[in-house]
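Take a look at the structure below.
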Amino acid sequence: HRMRGYNVLHPMGWDLFGLPAENYAIKHGIHPRETTERFAANYRRQMQLVECSYDWSREINSTDPAFYRWTQWFFLLLYQRGLAYRAPGSQWWCPQCRTILANEQVEDGRCWRCDSVVTRKELEQWYFKITDYADRLLDDLNQLEGSWPAKVLSMQRNWIGRSVGADVDFTVEGSDRTITVFTTRPDTLYGVTFMVVAPDSELAAE
């Protein structure tokens, strides 16, 4: 595209924050500021050796205060508007790395980095309330008809999802507790014979 006369934005950046960098620094007794700068410089050197055509004047680094001040500002904005909140959640936990892992980082029940056996752990964590925007996102997909591939629009609609129905409270026999169930067919409630709770829920443990 550049050779055809288009203006092409082609920057490079380094996402250097995170526990892998911290664990490496602890293991080798070196401050993460030093190791992240050294590794970024080495990657840059290698990319320039093979003449990658990045616009180095636009290089960014997630450990640079001039960069992360904006991610912090953005997070505070979400928090002040009630869109960032804390809640418990079940996560994969690696006892060796002392960190949570994404599903993709767990291979055959082991940590992809250190090969330790991982377990599920209930942890307090931060969430973004993106569900507040679900209806708006779905409705606005209509504006992309004709300019986005139909397959992509369909995937987005299925990913966001929309169900219209009602929350129904069921009382637990011998308890003052209730179980709230969402259903798209409240007219079929008289035929309910049983319900299932998630195996990792508090109620199942009780």
Side-chain angles (χ1 to χ4, degrees), residues 9 11-26 31-33 35-37 39-40 58-106 111-113 118-144 148 152-153 155-169 177-184 197-206:
L9 181 65
M12 174 49 71
W14 317 102
D15 182 17
L16 299 167
F17 268 136
L19 277 165
E22 186 179 319
N23 288 344
Y24 182 91
I26 291 169
H31 196 286
R33 184 187 297 110
T35 56
T36 53
E37 285 177 4
F39 295 153
R58 296 177 181 270
E59 180 183 0
I60 60 171
N61 187 325
S62 65
T63 61
D64 182 349
F67 177 87
Y68 68 68
R69 70 179 291 243
W70 294 110
T71 58
Q72 290 180 336
W73 172 82
F74 192 70
F75 175 83
L76 289 172
L77 205 61
L78 291 169
Y79 180 71
Q80 288 158 5
R81 295 183 180 187
L83 296 169
Y85 64 98
R86 289 179 70 79
S90 181
Q91 296 287 345
W92 289 113
W93 174 259
C94 173
Q96 178 69 30
C97 296
R98 290 184 295 174
T99 182
I100 62 170
L101 302 172
N103 288 335
E104 297 79 13
Q105 296 170 319
V106 178
C111 173
W112 68 297
R113 192 180 304 116
V118 299
T119 57
R120 295 296 281 184
K121 194 172 186 178
E122 193 79 8
L123 295 167
E124 186 93 354
Q125 53 200 299
W126 285 100
Y127 292 90
F128 292 135
K129 203 187 289 183
I130 58 174
T131 49
D132 276 14
Y133 294 90
D135 286 341
R136 183 173 157 191
L137 283 167
L138 271 171
D139 293 339
D140 286 354
L141 285 173
N142 296 331
Q143 299 174 28
L144 301 173
W148 276 31
V152 174
L153 291 173
M155 286 169 60
Q156 288 292 309
R157 288 188 176 105
N158 292 335
W159 176 68
I160 298 167
R162 176 182 278 159
S163 288
V164 178
D167 285 336
V168 182
D169 291 336
R177 190 169 196 156
T178 58
I179 300 173
T180 303
V181 177
F182 174 80
T183 177
T184 57
V197 296
D200 58 352
S201 68
E202 280 183 49
L203 188 58
E206 222 174 274

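In what follows, every heavy atom counts, from backbone to side chain, and hydrogens, waters and symmetry copies are set aside. Throughout, residue positions are numbered sequentially from 1 according to the sequence presented.
With sequence neighbours excluded, the residues satisfying side chain to side chain donor-acceptor pair (under 3.5 Å) with Asn61 are Thr63. Here Glu59 pairs with Arg44 under the salt bridge (Lys or Arg N to Asp or Glu O under 4.0 Å) rule; sequence neighbours left out. Ala198 is linked by a side chain to side chain contact (heavy atoms under 4.5 Å, CB included) to Asp200, Ser201, counting only residues two or more places apart in sequence or in another chain. Taking the salt bridge (Lys or Arg N to Asp or Glu O under 4.0 Å) definition, one finds that Arg33 meets it with nothing, sequence neighbours left out. Under the side chain to side chain donor-acceptor pair (under 3.5 Å) criterion, Glu206 pairs with Arg177, not counting sequence neighbours. In this view, Arg157 and Leu138, Leu141, Asn142, Glu145, Leu153 satisfy the side chain to side chain contact (heavy atoms under 4.5 Å, CB included) rule, not counting sequence neighbours. In this view, Asn158 and Ser154 satisfy the side chain to side chain contact (heavy atoms under 4.5 Å, CB included) rule, not counting sequence neighbours. Every residue was checked against the salt bridge (Lys or Arg N to Asp or Glu O under 4.0 Å) condition with Glu202, not counting sequence neighbours, and none meets it. Remark: Met12 engages Trp14, Met47, Tyr54, Trp56 in a side chain to side chain contact (heavy atoms under 4.5 Å, CB included) (not counting sequence neighbours).
Across all non-hydrogen atoms, the minimal contact from Ile100 to Gln105 is O-OE1, 4.5 Å. Residues Thr36 and Ala21 share a closest heavy-atom pair of CG2-CB, 4.2 Å. Taking both residues in full, the closest heavy atoms of Cys111 and Val118 are given as N-CG1, 3.7 Å, listed atom of the first, atom of the second, then distance.
Here the CE-CH2 distance, from Met155 to Trp148, works out to 11.0 Å after rounding to the nearest 0.5 Å. Rounding to the nearest 0.5 Å places CG of Leu137 at 8.5 Å from CD of Gln156.
Looking at Asn23, its side chain does come within 3.5 Å of a backbone N or O of Cys97 through a donor-acceptor pair. Checking side-chain atoms of Gln143 against main-chain N and O of Asp140 turns up no donor-acceptor pair under 3.5 Å.
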Using distance only, find each side-chain donor-acceptor pair of residues 64-85 under 3.5 Å and give its atom names and separation, not counting sequence neighbours.
from: Asp64; atom 1: OD1; to: Ala66; atom 2: N; distance (Å): 2.9
from: Thr71; atom 1: OG1; to: Tyr68; atom 2: O; distance (Å): 2.8

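For residues 126-136, the set of pairs meeting the side-chain hydrogen bond (donor to acceptor under 3.5 Å, both in side chains) definition, not counting sequence neighbours, comprises Gln125-Tyr127, Asp135-Arg162. Applying the side-chain hydrogen bond (donor to acceptor under 3.5 Å, both in side chains) definition to pairs two or more places apart or across chains, those involving residues 94-103 are Trp92-Asn103.
Residues Pro11 and Ile60 are not in side-chain contact: their nearest non-hydrogen atoms beyond the backbone lie 4.5 Å or more apart.
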Q | Candidate pair Leu9 and Arg58, rule side-chain contact (heavy atoms from CB on, under 4.5 Å), full reasoning | A | CA-CA 9 Å; Leu9 181 65; Arg58 296 177 181 270; 3.3 Å; yes
